[in-house]
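A quick write-up on the structure given underneath.
Only a predicted model underlies this, so the values are computations on that prediction, with no experimental measurement involved. So that the names make sense, note that chain A is the first sequence line, chain B the second, and so on, each numbered from 1.
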There are 4 protein chains.
Amino acid sequence: MPRKMPENRLDRIHAAACAAFLKKGYGGTKMEDIAASVGVGRSALYASFPTKEALFRGLVTNLVEHALPLERILQGIEAQTLPEVLGDLIARLTLAMSKGAGPVLHRLIIAEGAQFPELGRAYRKGVLQPLVTTVEGLLELGVRRGEFTAPDTRLAAQHIAGAMIMTVLWPRVFDPRASKAKVLEAANALAGMLLYGVLKR
Amino acid sequence: MPRKMPENRLDRIHAAACAAFLKKGYGGTKMEDIAASVGVGRSALYASFPTKEALFRGLVTNLVEHALPLERILQGIEAQTLPEVLGDLIARLTLAMSKGAGPVLHRLIIAEGAQFPELGRAYRKGVLQPLVTTVEGLLELGVRRGEFTAPDTRLAAQHIAGAMIMTVLWPRVFDPRASKAKVLEAANALAGMLLYGVLKR
Amino acid sequence: MPRKMPENRLDRIHAAACAAFLKKGYGGTKMEDIAASVGVGRSALYASFPTKEALFRGLVTNLVEHALPLERILQGIEAQTLPEVLGDLIARLTLAMSKGAGPVLHRLIIAEGAQFPELGRAYRKGVLQPLVTTVEGLLELGVRRGEFTAPDTRLAAQHIAGAMIMTVLWPRVFDPRASKAKVLEAANALAGMLLYGVLKR
Amino acid sequence: MPRKMPENRLDRIHAAACAAFLKKGYGGTKMEDIAASVGVGRSALYASFPTKEALFRGLVTNLVEHALPLERILQGIEAQTLPEVLGDLIARLTLAMSKGAGPVLHRLIIAEGAQFPELGRAYRKGVLQPLVTTVEGLLELGVRRGEFTAPDTRLAAQHIAGAMIMTVLWPRVFDPRASKAKVLEAANALAGMLLYGVLKR
DNA sequence: AATGAATGAGAATTCATTCAT
DNA sequence: CATGAATGAATTCTCATTCAT
């Protein structure tokens with residue numbers, strides 16, 4: 001069986017690297033960890049990537065590209081009113097970002113962003129900016145319409161984006177034993193809180 | 001004049017290590033980086049710490065101990081009504097955690113927590129739990145009094161805590177060029193949003 | 001052609017390590033000494049042994065196992081009378097122990113035994129005890145038969161064993177310029193002296 | 001009490017170094033080991049010796065000078081017949097060499113002689129040669145008188161010297177639990193065996 | 001294309017030695 | 001003089017990367 005399936009070889013490496021980098025960080029991950037996880041020898045990895053750094057960059061770049069399914073989520077929103085749209089966006093996007101390798105990306109950027117400035121830039125451009133901009137757009141529209149209130153829409157959008165990311169990160173980083181099932185609840189609760197606050201009306 | 005001040009030697013090492021670990025992470029930081037920053041030779045560090053790992057653990061443990069000036073902040077709050085108390089707590093604590101080495105700790109835990117499980121535990125016990133518990137306590141009281149609304153006070157408290165941490169982290173991690181002056185504004189804006197939401201009443 | 005013979009790699013390392021440890025002792029031997037002698041880079045050694053200490057232990061353990069060809073020697077003895085058997089044993093065993101890496105072991109144990117207690121134990125169990133016990137057995141038999149005289153057979157056996165080891169060690173340690181050709185003579189002379197003493201009858 | 005007794009400072013260092021080098025060998029002994037044992041700081045040693053090597057050389061040279069109390073022993077011998085003189089010499093010298101730091105020297109030379117050739121030479125010249133020569137002299141005299149028999153008096157003398165050294169070494173190196181009380185017995189038994197052999201007459 | 005043996009550039013750590021006090 | 005802090009050279013061990021097969 002020398003011809004297994006070289007097609008998704010790259011994907012399998014990415015998956016293995018993803019898990020390894022998540023657990024040990026860039027510096028703590030050995031090429032052997034990844035190779036063993038894929039089931040090949042160290043040297044085989046070098047057929048797909050010239051260096052460990054290239055592998056890492058490729059992985060993160062790839063994650064960035066799929067991290068924010070904005071368009072898919074936006075198209076799926078059927079709500080009519082602006083507040084409902086924003087709430088749906090927050091809840092659905094948070095949920096979507098929690099799936100699969102989503103949480104990994106944020107963690108890697110927080111951990112290694114300073115050492116790989118261009119990855120930080122790519123993340124900001126590909127994830128943070130679109131997210132913040134989209135939210136800010138909705139907020140501004142709402143403020144103009146008198147439906148939302150926010151002294152500084154950009155700051156508010158940043159806080160909303162940050163809270164979403166933190167919600168995605170929480171079970172992985174701060175609560176290892178958390179049941180994955182709670183993700184949906186958490187996303188909805190977040191949306192509610194950001195829209196209505198905790199103050200009873 | 002290296003023979004002059006062995007008094008605060010440990011503090012100086014901690015400060016240098018703090019900066020280095022923040023920038024490069026644990027694995028990426030060389031003892032030489034720290035030593036050079038302190039202004040001594042590599043081996044001088046070993047007079048204060050037996051290993052690099054011990055230095056890291058000591059640093060993080062120290063950061064954990066000073067990360068959450070809960071009591072000081074609580075005593076400083078003069079507000080009377082419950083909503084004002086919670087808002088003050090969020091704003092002041094977020095501001096306090098943004099000072100000095102505060103942001104470093106969160107970043108290190110997110111980055112290296114998986115490799116140093118006991119540090120993760122110490123962080124959860126010394127920072128996360130007190131913060132979440134305190135906020136949850138206020139929320140529950142408010143809910144009982146009919147002043148707050150929250151379907152799941154624990155989840156809400158987690159979200160609030162998470163948002164505070166993310167606010168602390170944001171300028172360091174996601175927005176390197178952000179002016180430090182905005183921290184106060186950001187903290188206040190966060191408190192406002194979490195209390196009132198973005199929905200106009 | 002370094003890719004040619006990984007077969008006896010371990011043996012070659014052992015041989016090189018043997019020579020190096022003999023000349024410089026454990027502490028004085030650098031991994032590089034051994035590597036250079038084998039003709040490989042430092043790191044190649046770590047494919048065969050996890051640490052320098054493991055290499056040393058492995059070597060000594062190996063030497064212990066082959067240090068005392070008691071059975072082979074005993075089977076080769078054709079003498080009939082007990083005195084002749086003992087004399088043959090002393091002479092032949094001393095000669096055999098002088099061959100190859102034999103002398104190295106005794107020297108290493110004397111030099112490093114205190115730092116590696118378990119190696120000392122292995123040496124006592126694998127070399128000293130069998131040798132002393134065998135000699136003591138012959139002595140006791142002879143004493144019972146009235147052919148030997150020894151107030152304390154165990155002490156006598158220890159002295160005989162010690163004299164044999166010293167004879168093996170002498171040319172290497174105390175007389176670097178001694179011709180190797182004298183080994184046979186020395187072994188025979190030792191056997192004669194231990195049997196008959198120097199006193200003329 | 002800043003002026004304790006710097007007189008015997010050198011002796012105390014020698015004693016401490018002796019114990020340390022015996023236990024760990026030259027390479028394995030740290031200056032701190034010795035300093036701590038003397039009860040001073042590392043740097044204080046450098047007032048007495050310029051380097052670790054000089055300390056070691058000085059120690060060994062000193063030991064060599066006192067290792068073989070030939071004259072004292074010879075003067076103490078009251079025996080009249082040649083065999084008795086030789087027997088007394090062997091027994092008394094072996095006993096004398098077992099006292100104090102005696103065994104240390106032989107062990108150090110066996111262990112480190114190859115790394116310090118001049119110490120080996122000093123040992124051969126100051127210990128081995130006088131011992132072998134003296135014994136050989138007695139043997140030759142005895143052979144001429146018809147009292148001793150030895151095909152090769154030099155070889156016989158070497159064996160006797162070697163057996164004596166080994167007897168001195170045995171309890172320290174090969175039998176750590178041996179009671180020190182047995183030394184006298186062992187010395188006498190050795191003398192008997194070397195004179196008369198084990199063969200019953 | 002894949003392997004595994006080999007490499008060499010580090011990185012942490014140790015320790016003899018120095019020197020200001 | 002003695003000390004303790006500091007140093008820097010050495011040494012072990014690791015790991016990304018290469019290359020003959």
Nearest-Å distance for atom pair CE/P, residues A:Met31 and E:dA6: 21 Å

Value in whole Å for how far the P atom of F:dA5 lies from CG of B:Leu10: 13 Å

Gap between atoms NZ and P, on B:Lys30 and E:dT13 respectively (whole Å): 15 Å

Residue whose nearest DNA chain E nucleotide is more 5′ - C:Ser43 or B:Gly27: C:Ser43

4.5 Å side-chain heavy-atom contact, A:Leu105 and A:Val60: yes

Spacing of NE2 belonging to B:His106 relative to CD1 belonging to A:Ile110, to within rounding of 0.5 Å: 11.5 Å

Toward the 5' end of DNA chain F, by each residue's nearest nucleotide, C:Pro50 or D:Arg42: D:Arg42

D:Phe56 CZ to E:dA16 P, straight-line distance once rounded to whole Å: 14 Å

From E:dA2, E:dA16, F:dT7, nucleotide with atom closest to B:Ala44 side chain: F:dT7

Nucleotide E:dG10, atom C1' - distance to NZ of B:Lys24 in whole Å: 14 Å

A:Lys52 NZ - F:dT18 P separation (whole Å): 15 Å

Check: D:Phe49 ring centre within less than 6.0 Å of D:Phe56 ring centre: no

Listed nucleotide nearest any side-chain atom of C:Thr51, set F:dC13, F:dA2, F:dT17: F:dC13

Touch class at under 4.0 angstrom, heavy-atom based, for C:Ala47 against every strand present: nothing

Pairing partner of E:dA1 (Watson-Crick or G-U wobble, both distances under 3.5 Å): none

For atom CG of B:Leu55 and atom C1' of E:dT13, their distance in whole Å: 14 Å

Opposite nucleotide pairing with E:dT7, Watson-Crick or G-U, both atom distances under 3.5 Å: F:dA16

CD/B:Glu65: more than 12 non-hydrogen atoms of other groups inside 6.0 Å: yes

Whole-Å distance separating the CG atom of A:Leu45 from the C1' atom of F:dC15: 13 Å

Residue B:Arg9, side-chain heavy atoms: nucleotide from F:dT12, F:dA6, F:dC15 that is nearest: F:dA6

Minimum-distance nucleotide (side-chain atoms of B:Val40 versus F:dT7, F:dA16, E:dT17): F:dT7

Mutual orientation of the aromatic rings belonging to D:Phe21 and D:Tyr26 [parallel < 30°, tilted 30-60°, perpendicular > 60°]: parallel

Strand partner of E:dA12, provided both Watson-Crick or wobble distances fall under 3.5 Å: F:dT11

Minimum-distance nucleotide to C:Tyr46 side chain [options: F:dT12, F:dA2, E:dT7]: F:dT12

Sugar-phosphate only, base, or nothing, as touched by A:Thr29 at under 4.0 Å among non-hydrogen atoms: sugar-phosphate

